[in-house]
There are 2 protein chains.
Amino acid sequence: MHKLTARQEEIRQFIRQFIIDSGFPPTRADITRALGFRSPNAAESHLRALEKKGAISLQAGSSRGIRLLNDTGGEAESGLPVIGQVAAGSPVFAQEHVRERCQVNPGIFRPRADYLLSVQGMSMRDAGILEGDLLAVHRTADVRNGQIVVARLQDDVTVKRFQRDGYQVRLLPENPDYTPITVDLRTEPLVIEGLGVGLIRNGEAL
Amino acid sequence: MHKLTARQEEIRQFIRQFIIDSGFPPTRADITRALGFRSPNAAESHLRALEKKGAISLQAGSSRGIRLLNDTGGEAESGLPVIGQVAAGSPVFAQEHVRERCQVNPGIFRPRADYLLSVQGMSMRDAGILEGDLLAVHRTADVRNGQIVVARLQDDVTVKRFQRDGYQVRLLPENPDYTPITVDLRTEPLVIEGLGVGLIRNGEAL
DNA sequence: TCTGTTGCTGGTAATATATACAGCCTCCGG
DNA sequence: CCGGAGGCTGTATATATTACCAGCAACAGA
């Protein structure tokens with residue numbers, strides 16, 4: 001996100017406060033009144049600038065179609081993002097993968113969780129991680145042997161137990177039906193996306 | 001707040017989800033489309049009904065002027081109580097058993113969770129419920145075969161899969177090392193304390 | 001039987017709102 | 001000295017949206 005000017009930050013703050021007070025975003029006219037403009041176009045161009053800098057997103061054609069981005073303060077942004085199917089080649093923690101948000105305090109996990117990953121497959125069954133579970137993930141590449149990690153191999157994102165020995169990394173499933181994956185760091189790219197720090201399961205999976 | 005009808009609750013839920021998804025409330029037209037109405041007035045009158053019952057408040061004259069009230073999201077609540085060792089003879093859900101509180105929105109589970117029970121033992125291992133896990137429990141005695149329940153037998157509280165056949169109730173572990181418990185309701189007291197609706201695991205158990 | 005509520009169809013007028021076009025001024029890097 | 005971004009005024013206009021009209025049917029309680 002680009003840095004905002006003082007005036008732009010002022011407008012962003014107004015939008016934020018307006019949402020908290022009213023429950024919905026302001027119109028151009030609301031911004032115009034609040035900031036003392038004489039033309040609604042002043043608000044319009046500010047919104048465009050804010051969108052260009054990635055501070056907000058605008059919904060074309062719909063009234064009050066303003067959404068604050070990268071903001072932890074707004075009520076609408078509370079909770080952890082739930083990430084589902086991860087498309088090949090794109091980072092796990094990307095806006096387009098966020099299916100919904102789960103009202104959980106990230107601080108109940110240690111280290112704190114950054115997002116929830118919807119688990120696919122039964123490869124970690126014997127570690128009590130089942131398909132459909134939400135794995136709480138802390139974004140870090142600093143993992144140790146025996147920890148459960150989220151790893152990216154080629155374009156595949158997987159949850160496994162981590163074991164490293166020199167240039168050899170073994171990604172161990174917790175299910176005899178699956179086979180461990182061995183990666184040679186000198187020849188194959190391996191990205192550690194994060195560390196598993198907890199689990200949440202919905203009732204439907206019980 | 002008056003009780004909502006099924007249809008009204010449906011609409012309230014839609015508004016709620018719309019706000020989460022979009023960042024702003026829906027218009028009458030949005031509701032009309034989503035619910036499959038042919039007239040926007042259907043949405044209008046539903047909103048009026050919801051306002052009358054105190055479920056929402058409407059801002060006259062402004063677009064998307066819908067605000068959810070009494071949102072049970074529990075922003076003031078300090079999370080779910082975590083219940084640990086249960087002393088013999090006393091009810092599970094008693095103040096003295098609350099070890100701590102966990103910052104989780106009870107509404108992420110369905111039906112909603114009333115408390116979290118710290119799981120002891122590995123009798124439900126193959127259902128992905130491990131020792132130390134926090135089982136989200138909905139307080140009810142209305143359980144069905146195959147569901148995971150919190151049951152009290154004598155002075156013992158246990159988590160098992162429920163199976164009833166007439167007067168015979170079987171409490172099935174999900175681990176071949178444990179043996180099922182059979183209870184004859186005519187001779188032995190069995191109290192169903194609640195229904196397992198979810199699970200939370202701390203990182204330390206991973 | 002009357003009255004009110006729920007749950008809609010179908011339509012319309014008023015107005016709230018987004019958004020485009022045409023400018024004006026200042027500051028700043030190249 | 002040019003070009004672009006920031007920060008506005010002022011005027012329109014298409015359309016998104018609210019809000020109200022008149023009905024219809026089912027149902028519940030008084």
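In what follows, chains carry the letters A, B, and so on, assigned in the order in which the sequence lines appear, proteins first and then strands, with residues in each chain numbered from 1.
Residues Ile11(B) and Gln8(B) are not in side-chain contact: their nearest non-hydrogen atoms beyond the backbone lie 4.5 Å or more apart. Looking at heavy atoms from C-beta onward, Val137(B) lies out of side-chain contact with Asp114(B) at the 4.5 angstrom threshold. With contacts defined as side-chain heavy-atom distances shorter than 4.5 Å, the pair Gln168(B)/Asp184(B) qualifies. Looking at heavy atoms from C-beta onward, Phe24(A) lies out of side-chain contact with Ile66(B) at the 4.5 angstrom threshold. Side-chain contact check for Ile31(B) versus Leu47(B): some heavy-atom pair is nearer than 4.5 Å.
To the nearest 0.5 Å, the span separating OG on Ser39(A) from CZ on Arg28(A) amounts to 12.5 Å.
The distance between atom CD1 of Ile31(A) and atom C1' of dT17(C), rounded to the nearest whole Å, is 12 Å. The CD atom of Glu51(A) sits 13 Å away from the P atom of dA18(C) (whole-angstrom rounding). In this structure, Glu10(B) atom CD and dG7(C) atom C1' are separated by 12 Å, rounded to whole Å. Nucleotide dA18(C) holds its C1' atom 17 Å from the CZ atom of Phe24(A), rounded to whole Å. The nearest whole Å value for the distance from the CZ atom in Arg12(B) to the P atom in dG7(C) is 15 Å.
The neighbour count for Asp165(B) CG, taken as heavy atoms of other residues, nucleotides or ligands under 6.0 Å away, does not exceed 12. For CZ of Arg170(B), the number of neighbouring non-hydrogen atoms (other residues, nucleotides, ligands) closer than 6.0 Å is 12 at most.
Closest to the side chain of Thr27(A), from the set dT6(C), dG6(D), dA18(C), is dA18(C).
In terms of position on DNA chain C, the residue among Ala29(A) and Ile11(B) whose nearest nucleotide sits closer to the 5' end is Ile11(B).
Between the side chains of Glu9(B) and Gln13(B), a donor-acceptor pair is found at a separation under 3.5 Å.
In this structure, Arg7(A) pairs ionically with Glu10(A), as a charged nitrogen and a carboxylate oxygen lie closer than 4.0 Å.
Within residues 57-66 of chain B, the residues that place at least one heavy atom under 4.0 Å from DNA chain C are, in residue-number order, Gly61(B), Ser62(B), Ser63(B). Of the residues in residues 33-49 of chain B, those lying under 4.0 Å from DNA chain D by heavy-atom distance are Asn41(B), Glu44(B), Arg48(B).
Residue Arg28(A) places at least one side-chain N or O closer than 4.0 Å to OP1 or OP2 of dA18(C). Between Lys53(A) and the phosphate of dG6(D), there is a side-chain N or O to OP1/OP2 separation shorter than 4.0 Å. For the pair Lys52(A) and dG6(D), the criterion of a side-chain N or O lying under 4.0 Å from OP1 or OP2 is not met. Contact check, Gln8(B) against dG7(C): a side-chain N or O comes under 4.0 Å of OP1 or OP2.
Overall, the helix from dT1(C)-dA30(D) to dG30(C)-dC1(D) carries an axis bend of 30° between its ends, with five pairs at each end and the value rounded to 10°.
The one candidate from His46(B), Lys52(B), Glu44(B) that meets the side-chain contact (heavy atoms from CB on, under 4.5 Å) condition with Arg48(B) is Glu44(B).
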